[in-house]
Amino acid sequence: MNESSPESSPRSGERTTAKPALWKLHGDGRSVAPGEVVQPDERLSWPRTIGIGAQHLVAMFGATFLVPLITGFPPTTTLFFTAVGTLLFIGITAGRLPSYLGSSFGLLAPIGAVTLYDATAGTPLDAERMAVAQGGIVAVGVLLALVGLVVHFVGTRWIELTMPPVVTGAIVALIGFNLAPAAWNWVAAAPVTAVVTIVTIVLCAVLFRGILGRLSILIGVVVGYLTALARGEVDFTAVDSAGWVGLPSFHAPSFDWAVLPLFLPVVLVLVAENIGHVKSVSAMTGKDLDPVTGRALFADGLSTALAGSGGGSGTTTYAENIGVMAATRVYSTAAYVVAALVALALSMMPKVGVALATIPEGVLGGAATVLYGMIGMLGVKIWVQNRVDFSNPVNLNTAAVALIVAIADYTLLAGSMTFSGIALGSVAAIVLYHVMRWIALWRGTATDPLLPAADMTRPGAGTPPPGRETVGG
């Protein structure tokens, strides 16, 4: 078949009806000219598309697999649902929005609070507690899908009014910082291995350009694992008995209303991540993708609910894959279909999942130190990018109270229900912002935080720029 044309040449006198190709071939299919990009509805030659798809799989692999290792969920089951979720995402967005749906780190804290799983204890994950945590993941997915439907028909303005940058940044930041004690527990178990992992990650991020720099987490995990292997911290006993081919293990969820307050605030993070992803891809491709935002939220919600229903982690768009696209200038959704199909094949190999489960606590602690910190700082980045004015007491107190509530892990018991740091911090951010803003406007004690502050002299200061930063993993 001639790659330069989606249809074969008709023989003389024959009348044919051309079928539109799923992806148009970009140029000669072999290269991308300076200043050009391969759009989502285009592709390079299939060998090149497969190679780029493999890069996307590698980019999401390190961060995605840390989630089941930290939570105790089956790794191959998680990989299975990321693959299925990505295919759903590409289909629901009609191939217009490139993304791989990897594991969401936003769900780590509520899952851990419910399961009480400790990766260093050597004890298996309690099946009943896992099922309850899955119910929470399903609830997050269903609510996110409903938000997507509303956005599709109404638009995103109501989200921006309900969750302005100071609130969104606070919620993203507090989720990352709330996880800090878990990272320390792993680091304390094997400090030398943890330090090697951390140093490798931060050095790779600044030593290398392009794809190698974007794979710093994966490279850090590999170097940390080799260090742990040399120090005798890896146990391969379970790997020998695992099969090469087999279906992932699936687990049914159960539902407990008492745990939902722990999970539902994560919806706000997933909304921010997806909107940020849409804005980022739109800026890089030069296409207006705002009309796809509702579909993206719905697709991620459906994927998360599906994952929770079968024993996988919740999903989200990934900044790591944004990095690959920025480095290659290839935004073809065909590459993501390839990545999802390869991930689906790997999820059918139990030995891969068991081998990944041998990653010791020192490596987990090192990687988690960087990743949890990144989540926290992404919240700060939302403030910076949107020029949040902290001289305004509404903004200052909203962020201050929300972060301390989450970092200190405040806990409130209300009958049989327990509200902890992330839930309380998220509610505090939203309620404090809107109550304080209303009082300040009524009393005239502060300028509207949604408008430029009165004493700011630079043009446009305080005004959120078009689009928000992507918050990945």
Side-chain angles (χ1 to χ4, degrees), residues 54-71 75 78-79 82 100 102-106 108-109 112 119-120 172-173 175-231 233-234 273 313 316-327 355-381 469-473:
Q55 286 188 90
H56 282 301
L57 182 65
V58 171
M60 54 68 62
F61 207 82
T64 285
F65 261 95
L66 278 178
V67 173
L69 296 178
I70 290 170
T71 60
T78 293
L79 186 60
T82 66
Y100 194 99
S103 299
S104 171
F105 277 79
L108 285 178
T120 66
V172 173
I175 286 180
F177 295 145
N178 176 265
L179 292 166
W184 166 245
N185 290 337
W186 283 315
V187 170
V192 173
T193 302
V195 170
V196 170
T197 304
I198 293 171
V199 170
T200 302
I201 292 172
V202 298
L203 285 180
C204 284
V206 294
L207 282 175
F208 303 115
R209 299 176 184 269
I211 187 64
L212 286 179
R214 294 290 178 177
L215 297 180
S216 59
I217 296 292
L218 181 62
I219 295 172
V221 168
V222 170
V223 173
Y225 189 89
L226 294 175
T227 302
L229 193 62
R231 294 175 58 82
E233 298 169 354
V234 184
E273 289 178 338
S313 307
T316 188
T317 53
Y318 255 42
E320 287 87 342
N321 297 103
I322 285 283
V324 173
M325 289 189 287
L356 289 166
T358 63
I359 297 178
E361 52 264 45
V363 179
L364 290 176
T369 297
V370 179
L371 284 170
Y372 294 170
M374 282 182 176
I375 296 172
M377 294 311 297
L378 283 170
V380 176
K381 195 171 186 179
E469 183 68 19
T470 297
V471 183

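Contact detail for Tyr225 and Val363: the closest heavy-atom pair is N-CG2, 3.6 Å. The minimum heavy-atom distance linking Ser313 with Thr78 is given by the pair OG-OG1, 3.5 Å.
Judged as a side chain to side chain contact (heavy atoms under 4.5 Å, CB included), and not counting sequence neighbours, the contacts of Val187 are Trp184, Ala194, Thr369. For Thr197, the side chain to side chain donor-acceptor pair (under 3.5 Å) test picks out no residue, with sequence neighbours left out.
For the side-chain contact (heavy atoms from CB on, under 4.5 Å) test with Ile219, the passing option among Thr200, Leu203, Ile201 is Thr200; the others fail.
Counting only heavy atoms from C-beta outward, the side chains of Thr82 and Ser103 approach each other to under 4.5 Å. By the 4.5 Å heavy-atom criterion applied to side chains, Ile70 and Leu108 are counted as neighbours.
Atoms CD1 and OG1, on Ile198 and Thr193 in that order, are 11.0 Å from each other to the nearest 0.5 Å.
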